[in-house]
There are 2 protein chains.
Amino acid sequence: MEFKEAKNKFVQTWGALGSQWGINKTMAQIHALLMVSNEAVSMEDIMDELQISRGNASMNLRALMDWGIVYKEYKAGERREFFTAEKDLDELASKIARERSKREIKPALKILKEVSTIEAKDSAEEKHFVDQTTKLYDFVLKADNMLDKMTEFNENWLGRLVLKIMK
Amino acid sequence: MEFKEAKNKFVQTWGALGSQWGINKTMAQIHALLMVSNEAVSMEDIMDELQISRGNASMNLRALMDWGIVYKEYKAGERREFFTAEKDLDELASKIARERSKREIKPALKILKEVSTIEAKDSAEEKHFVDQTTKLYDFVLKADNMLDKMTEFNENWLGRLVLKIMK
DNA sequence: TTAAACTTTCAAAAATAAATGAAACTTTAT
DNA sequence: ATAAAGTTTCATTTATTTTTGAAAGTTTAA
C-alpha cells in the first residue's frame, strides 16, 4: 500500500469508529488527520484533504479544541492559524475520558441517584426498581472512577504489573 | 418523586445515554425497561410503555438478543413470548465489551495494522505516519485487552485491591 | 481607519439513521 | 388441515444529525 492510500484509509476508519461511538464523523476525521501529520495543518488544507466546507471545518475544530485534544498554533510571519492534535495517546485517552465523564456520565449519575432514592412502597415491583437502580448507580460510579484513574493507573508500576498479569 | 415518574425518567435517561454512545435510543430504552422490571415483559407491554410500533420493538428486541443481553422467556400456558434483561451488571458490561470489541475494535485493529506496516520512505511525513499509527495500534490493542479482562479483573482479589488503591 | 485576509455563525439543505405499519411468515391449539 | 395468535420483515415515511455556504464578525498590516 502506498502512503497516500494508507493515510486516507486511516482517516476514513477513524471517522467511522468515531461515529459508532457517538462522535461525529468529521470531527473524528479531522482529529485523525492531525494525529498523523508531522506538522501543524491549516484550515484550508483540512478542508481540502477531507473535502468539507469551511463552516464544517471551523465548527469541528472548535469542538476538538473544546475537548482539549487539538491545539491552535501560530506560525511566525503567517497570519492564518494552524492546528495540531494531542499526540500522546495516554493524554488523549485521559482527556476524552474526562470530557465524556463530565458531559454524559456525571449528569446520568445525578439522575440515577434521584430515581434510586424514591420511597419504595411495599410492592415487589417498586422494591426491584430501587434495588436495581441503586446497583446501577454504584456500578456506573465505579466505572467512572476507573476511567478517571486509567491514565495514572497505566503509568504507575503496580498498574503495569497488573496489566502484565491480565494478559 | 413517584414510582411511575422515576421509572420513566430512568428509561429516558438510559435511552439518551445510549444514543450518545452509538446505541440507538429505542434499543437502550427497551433494555432499561427490562432491567428494572421484576418480571418478564411481553412485546405488547413494551410497545405500550414506550409508545413504539410493533416493528420497532421486534427489531430492537432482536438486536438486544443478538448482543446477548436480553433473553426470551416462555410462560406455561401463554402463547406469546416474554422478555427479560441480563440484570447482573458485571455480566452486562462484559457482554457489551465483548460485542463492541468484536464488531468495531477488532476490524479497526486490522486496518491499523495494515496502514502501520506500509513501507515508509525516507520523508519525515511518512516516518511520522508509520510511527504514530503503530503507537495507536499498540494502544488500542492494549485497551481492547483491558476491556476484555475487565470483568474477571473486577472479580479477582488483586483487582479489588488495586481498585481500592486507585480511589 | 480601512481594507484585505481570515474565521465564525447559523438558517437552510442534505445526508443519515430510526420508526412505522401492513403484508408475509410462523407457531400452536383444536 | 386450518384459523387464530403472535412475530418478523422491509419499503416507505419521519426524525435526527450533519453539512453547507453566505453573511457577519475579527484581526492585522499598512
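Order of the sequence lines sets the chain letters (A, B, ...), proteins ahead of strands, with each chain counted from 1.
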Grab the N/O contacts between the protein and nucleotides 2-5 of chain C below 3.5 Å, and write none if there aren't any.
| from | atom 1 | to | atom 2 | distance (Å) |
| --- | --- | --- | --- | --- |
| C:dA5 | O4' | A:R79 | NH1 | 2.8 |

Within a radius of less than 6.0 Å around NZ of A:K110, do more than 12 heavy atoms belonging to other residues, nucleotides or ligands occur?
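For A:K110, atom NZ is not crowded (no more than 12 foreign heavy atoms under 6.0 Å).
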
Grab the two heavy atoms, one from B:V70 and one from B:M65, that are nearest each other, plus how far apart they are.
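Smallest interatomic distance, heavy atoms only, reads O-CG, 3.2 Å.
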
Considering only nitrogen or oxygen atoms on both sides, find all protein atoms under 3.5 Å from nucleotides 8-14 of chain C and state each distance.
| from | atom 1 | to | atom 2 | distance (Å) |
| --- | --- | --- | --- | --- |
| C:dT8 | OP2 | A:S58 | OG | 3.1 |

Those residues that, when tested against A:E49, pass side chain to side chain donor-acceptor pair (under 3.5 Å) (two or more places apart)
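Side chain to side chain donor-acceptor pair (under 3.5 Å) list for A:E49, sorted by chain: A:K7.
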
Rounding to a whole Å, what distance do you find between [X]:[atom1] and [N]:[atom2]?
| X | N | atom1 | atom2 | result |
| --- | --- | --- | --- | --- |
| B:L50 | C:dT20 | CG | P | 10 Å |
| A:D48 | C:dC6 | CG | C1' | 17 Å |
| B:Q20 | C:dA18 | CD | P | 14 Å |
| B:M27 | C:dA17 | CE | P | 15 Å |
| B:E78 | C:dT27 | CD | P | 18 Å |
| B:F82 | D:dA5 | CZ | C1' | 13 Å |

Nucleotide nearest B:K25 (side chain, heavy atoms from C-beta), chosen from C:dT16, D:dG21, C:dA19
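The answer is C:dA19.
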
Quick check: does any side chain N or O of A:S58 sit under 3.5 Å from a backbone N or O of A:R54, one acting as donor and the other as acceptor?
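Answer holds: no.
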
Heavy-atom donor-acceptor pair, A:T134 side chain to A:V130 backbone, under 3.5 Å:
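Looks like yes, one N/O pair under 3.5 Å.
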
Can you see if the side chain of [X] gets near the phosphate of [N] - specifically, an N or O under 4.0 Å from OP1 or OP2?
| X | N | value |
| --- | --- | --- |
| A:N24 | D:dT19 | yes |
| B:T26 | C:dA19 | yes |
| B:N60 | C:dA18 | no |

If each of A:E44 and B:I23 is mapped to the nucleotide of DNA chain C with the nearest heavy atom, which maps nearer the 5' terminus, i.e. the 5' end?
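Closer to the 5' end of DNA chain C: A:E44.
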
